[in-house]
Amino acid sequence: MNLFIDMETLTSVSSGFYSILLVLLFLFWQQNKDIDAIIWWCGFPLFRLINAYISSDTTNYGTDGFIYFGNISILLSNSFLMIGCMKFTQLKISWKTIYLYFGIFLIVCIYQHMIGAGLPERTRSMVIFNIIPIVASIYALSKLDTAAYAIEKFFTVFWIAFQLGVFAFWILINFDFGDPNYGPITVLSLIFAYLSHIFICVGLIILAIAERRNQLVIESVKHKFLEGQLTAVLTKAQNANDEKIKFLTNMSHELRTPLNAILGFSESLKLKYYGEINKKQAEYVDNIYGGGELLLKLITDLLHLSNIDEGTVEIELEDVNFSILIDKTLPLLHEIVGHDNDRFMINNHIGDERKSSSVYIDQIRAKQILINFVSNAVKYSDAGSEIAMDIDDLDDNFFRISVVDRGMGIKQEQYENIFKPFNRAGNDNSKVEGIGVGLSIAKDLIEKMGGKIGFNSKVGTGSTFWIHVPKSKQRQLPIG
Ligand code: ADP
């Protein structure tokens, strides 16, 4: 049987496979560039392809010279295989040794070309020089953790080692490919050699996939571990928060009882239930009462905040006539502004036809928000400066109530802090009393009622705080 007749079919079929596997390997590398062994492995099918092209050209194969490029390609393909395997298993690569080795092979090729060595001699040197990268590849892959790469490792190592088997046969027949005694076996050995290269490529692809799979497994284990840790930390934080809320609630209740006694007794002294008191005493009683009131407000705010955290703030929504709500709230607001009521302007822009419209809110909470707005307007403005309350019919869904002052205003960098609890937006050291919770409570309340809150402000010009109060579905309610 003529060995070279079947070469073209064999090499062209193999070339098809090499090309497909090369593209697959390259594409996989594109998606997984962190596994740098893959790009080296691409060299294996690439140089096999070049060798197949050279070998398929029977004319060149028959002539001396061009065939050496085929032999060089084979060594290159096995060297790229070896470098890839070493990179894959993180073995140290001695580049100097590789260059030296390759240099020696080139010299041998040139020498053989000069002395006109025949096919058996050329093949012999090719085989000898390829044994080392093949054995090194097997050695590198043998280092892989069998538990993690079991099938992929043995499959690839088997086909790489298979090349050695083919080499052994060629050594056995003393590279005499024309020996009629071994004709069919020689052809078979070549077919198996090409087959082993194709399966090596397949092995490299499944190894790369296994690497990615193992990385994912490790990541998911890490992820689960972190998730567990996070849950533990969250539970701890939740418990600490629960404790804090419990503490705040208990403390607020405990403090309110004696405080109410202080307020009650000082008020009865103020109202002179138990007889006359002198001017100095009256002044001190006023101070005690004022201080007590402030403390009560702080404690009430604290209790409210802890209720917000707990989610136990109760809102009682009902349909309320909007005009009546405003009328009932105004006396409270006037009281906050104080004696100088001329500074407090009410601008009600709601047309007569809408005056009896109803809103769907919790009356007490709505009053609480407006009280907070007005008392802030008083606190953060100069005494006597104008404060206005504008009431507008915003749209089909909301009325808008704004409290406008001509006070100190708010710096832009503090805007984000305005509604944060216990944040005084830069006023921590000011003489103005407060603990920075009023607006955060107001925001929580109005949002629970389905409304909105916001503000505009300019330093030195003043601030406008507004709420959008939701209109009720049942649009009109009888007045009274
Ligand atoms: P408190 O007044 O007790 O500090 P608030 O929650 O009511 O707490 O307000 C938070 C912060 O917003 C205030 O500390 C203040 O810096 C700022 N602020 C609120 N209203 C006004 C206003 N009308 N003018 C200027 N700054 C204001």
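Every value quoted in this text rests on a predicted model; they were computed, and no experiment measured them. Read the numbers this way: they start at 1 and go in the same order the structure lists the ligands and their atoms. FYI, side chains are in, hydrogens and waters are out, and symmetry mates aren't considered; it's all heavy atoms of this structure.
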Please list all pairs meeting salt bridge (charged side-chain N to carboxylate O under 4.0 Å, His left out) that have one or both residues in residues 139-161, counting only residues at least two apart or in different chains.
Glu152-Arg213
Using a 3.5 Å distance criterion without hydrogens, assess whether the side chain of Arg406 forms a donor-acceptor pair with backbone atoms of Gly462.
no
Could you give the distance from CZ (Phe399) to NE2 (His468), rounded to the nearest 0.5 Å?
12.5 Å
List, for ligand 1, each N/O atom that has a protein N/O partner under 3.5 Å away, with both atom names and the distance.
residue, atom, partner, partner atom, Å
ligand 1, 2 (O), Asn376, OD1, 3.3
ligand 1, 2 (O), Lys379, NZ, 2.9
ligand 1, 2 (O), Tyr380, OH, 2.7
ligand 1, 3 (O), Ile435, N, 3.1
ligand 1, 3 (O), Gly436, N, 3.0
ligand 1, 4 (O), Tyr380, OH, 3.2
ligand 1, 4 (O), Arg424, NE, 2.6
ligand 1, 4 (O), Arg424, NH2, 3.3
ligand 1, 4 (O), Gly436, N, 3.2
ligand 1, 6 (O), Gly438, N, 3.1
ligand 1, 6 (O), Leu439, N, 2.7
ligand 1, 7 (O), Asn376, OD1, 3.4
ligand 1, 7 (O), Asn376, ND2, 2.8
ligand 1, 8 (O), Gly436, N, 3.3
ligand 1, 14 (O), Tyr380, OH, 3.1
ligand 1, 14 (O), Arg424, O, 3.1
ligand 1, 16 (O), Arg424, O, 2.8
ligand 1, 16 (O), Asn427, ND2, 2.7
ligand 1, 20 (N), Asn376, ND2, 3.4
ligand 1, 23 (N), Asp405, OD2, 2.8
ligand 1, 24 (N), Ser463, OG, 3.4

Side-chain H-bond candidate by donor/acceptor type, Glu211 with Tyr149, under 3.5 Å
yes
Donor-acceptor pairs under 3.5 Å, side chain of residues 275-293 to any protein atom, not counting sequence neighbours: which ones?
residue, atom, partner, partner atom, Å
Asn278, OD1, Lys280, N, 3.2
Asn278, OD1, Gln281, N, 2.7
Gln281, OE1, Asn278, N, 2.8
Asp286, OD1, Lys270, NZ, 3.3

Tell me the side chain to side chain donor-acceptor pair (under 3.5 Å) pairs involving residues 23-41, sequence neighbours left out?
Asn32-Arg212, Asp34-Arg212
